[in-house]
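Just so you know, residue 1 is the first one in the sequence shown, and it goes up from there. Computed from heavy atoms alone, side chains included, the values below leave out hydrogens, waters and symmetry copies.
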Amino acid sequence: MSFTSYMSQALEEARAAAARGEVPVGAVIVAPDGQVVAQAGNRTRELNDPTAHAEVLAIRAACAAAGSERLGGHALYVTLEPCAMCAAAISAARVARLYYGASDPKSGGVAQGARVFSHAQCHHVPDVYDAIAAPESEHLLKAFFAEKRKG
């Protein structure tokens, strides 16, 4: 069995988010058969919704497509380590595998900060793979915030 990464699609979503003035984070959800079932970029400013992170939007769309609140067997690719809110949503949705790019020392909820999946209260822990296309993800974020500081 060969591994296919969908991080390039997540990076496309992150670039689109940056073009909208959003923090450049993108997410893609892949079904067990390898089909992309949802993809999203951050839309917190556009929707005036602090929960409109890429992961949450992708999970909502994938659950709607599946007709279920559970995404067993699905994989989530996201360009930045999920925050605590998103990690909790990933657990609640029962996502099987999480692949992320850049780590987030400030707001991460997987390997940094809250470490949601390590708590006894966490009902489901996905397999986690970090540093997937991390340099590209980091570059997008650094360039976005450098531009913000200039303006």
Side-chain angles (χ1 to χ4, degrees), residues 1-32 34-63 65 71 73-119 122 124-151:
M1 183 171 136
S2 66
F3 172 72
T4 301
S5 176
Y6 294 82
M7 194 59 82
S8 62
Q9 289 99 313
L11 285 162
E12 287 176 26
E13 289 293 332
R15 287 185 201 95
R20 294 189 302 272
E22 301 278 357
V23 174
V25 177
V28 173
I29 297 182
V30 181
Q35 295 296 312
V36 172
V37 294
Q39 52 193 58
N42 276 357
R43 292 185 179 276
T44 59
R45 288 184 171 91
E46 175 186 343
L47 299 175
N48 298 311
D49 179 355
T51 70
H53 290 197
E55 302 96 317
V56 170
L57 295 174
I59 288 169
R60 288 175 184 164
C63 286
L71 297 172
H74 288 66
L76 169 63
Y77 291 80
V78 61
T79 57
L80 181 65
E81 176 183 354
C83 69
M85 174 187 71
C86 291
I90 290 163
S91 177
R94 307 300 197 265
V95 171
R97 289 172 310 287
L98 167 63
Y99 301 90
Y100 69 86
S103 64
D104 188 353
K106 182 178 178 185
S107 301
V110 177
Q112 315 281 331
R115 293 183 173 100
V116 170
F117 301 138
S118 67
H119 289 269
C122 184
H124 169 77
V125 178
D127 295 331
V128 177
Y129 305 90
D130 63 355
I132 308 295
E136 297 93 330
S137 298
E138 290 167 5
H139 174 74
L140 271 175
L141 288 159
K142 286 178 181 176
F144 176 82
F145 286 112
E147 190 62 32
K148 289 285 185 194
R149 283 189 292 276
K150 280 200 275 183

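For residues 96-107, the set of pairs meeting the salt bridge (Lys or Arg N to Asp or Glu O under 4.0 Å) definition, not counting sequence neighbours, is empty.
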Chi angles and distances behind the side-chain contact (heavy atoms from CB on, under 4.5 Å) call for Met85, Thr51: CA-CA 8 Å; Met85 174 187 71; Thr51 70; 3.9 Å; yes
Verdict with supporting geometry, Leu80 and Ser137, side-chain contact (heavy atoms from CB on, under 4.5 Å): CA-CA 7 Å; Leu80 181 65; Ser137 298; over 6 Å; no
For residues 11-18, run the donor-acceptor check on the side chains, cut-off 3.5 Å, and write out each pair with its distance to 0.1 Å, sequence neighbours left out.
residue : atom : partner : partner atom : Å
Glu13   : OE1  : Gly41   : N            : 3.4
Glu13   : OE2  : Gln39   : NE2          : 3.1

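In this structure, CG on Asp130 lies 9.5 Å from CD on Gln112, to the nearest 0.5 angstrom. Rounded to the nearest 0.5 Å, atoms OH (Tyr129) and OH (Tyr99) are 5.0 Å apart. For the atom pair Glu136 CD and Glu138 CD, the distance stands at 9.5 Å (nearest 0.5 Å). One distance of note links NZ of Lys150 with CZ of Phe145; it measures 15.0 Å at 0.5 Å rounding. Atom-to-atom distance recorded for Leu57:CG and Asn42:CG is 7.5 Å, nearest 0.5 angstrom.
The two residues Thr44 and Pro50 make their nearest non-hydrogen contact at CG2-O, 4.0 Å. The minimum heavy-atom distance linking Tyr6 with Gly34 is given by the pair OH-O, 2.9 Å. For the pair Met7 and Ala133, the tightest heavy-atom approach, listed with the atom from each and the gap, is CG-CB, 3.5 Å. Contact detail for Gln9 and Val36: the closest heavy-atom pair is NE2-CG2, 4.2 Å. Shown here for Phe117 and Leu98, the closest heavy-atom pair between the two residues is CE1-CD2, 3.9 Å. Listed here is the closest heavy atom pair of Ala10 and Val28: N-CG2, 3.4 Å.
Using a distance-only test at 3.5 Å, with no hydrogens or angles considered, no donor-acceptor pair links the side chain of Arg60 to the main chain of Ala58. With hydrogens and angles disregarded, no donor-acceptor distance shorter than 3.5 Å links the side chain of Glu55 to the backbone of Ile90. Judged by distance alone, the side chain of His53 and the main-chain N or O of Val25 form no donor-acceptor pair under 3.5 Å. Within the 3.5 Å criterion, the main-chain N or O of Gly26 finds a donor-acceptor partner in the side chain of Thr79.
Residues passing the salt bridge (charged side-chain N to carboxylate O under 4.0 Å, His left out) test with Arg20 are Glu46, sequence neighbours excluded.
Counting non-hydrogen atoms of neighbouring residues, nucleotides and ligands closer than 6.0 angstrom, the NE2 atom of His124 exceeds 12 such neighbours.
Using a 4.5 Å heavy-atom cutoff, the side chains of His139 and Lys142 are not in contact.
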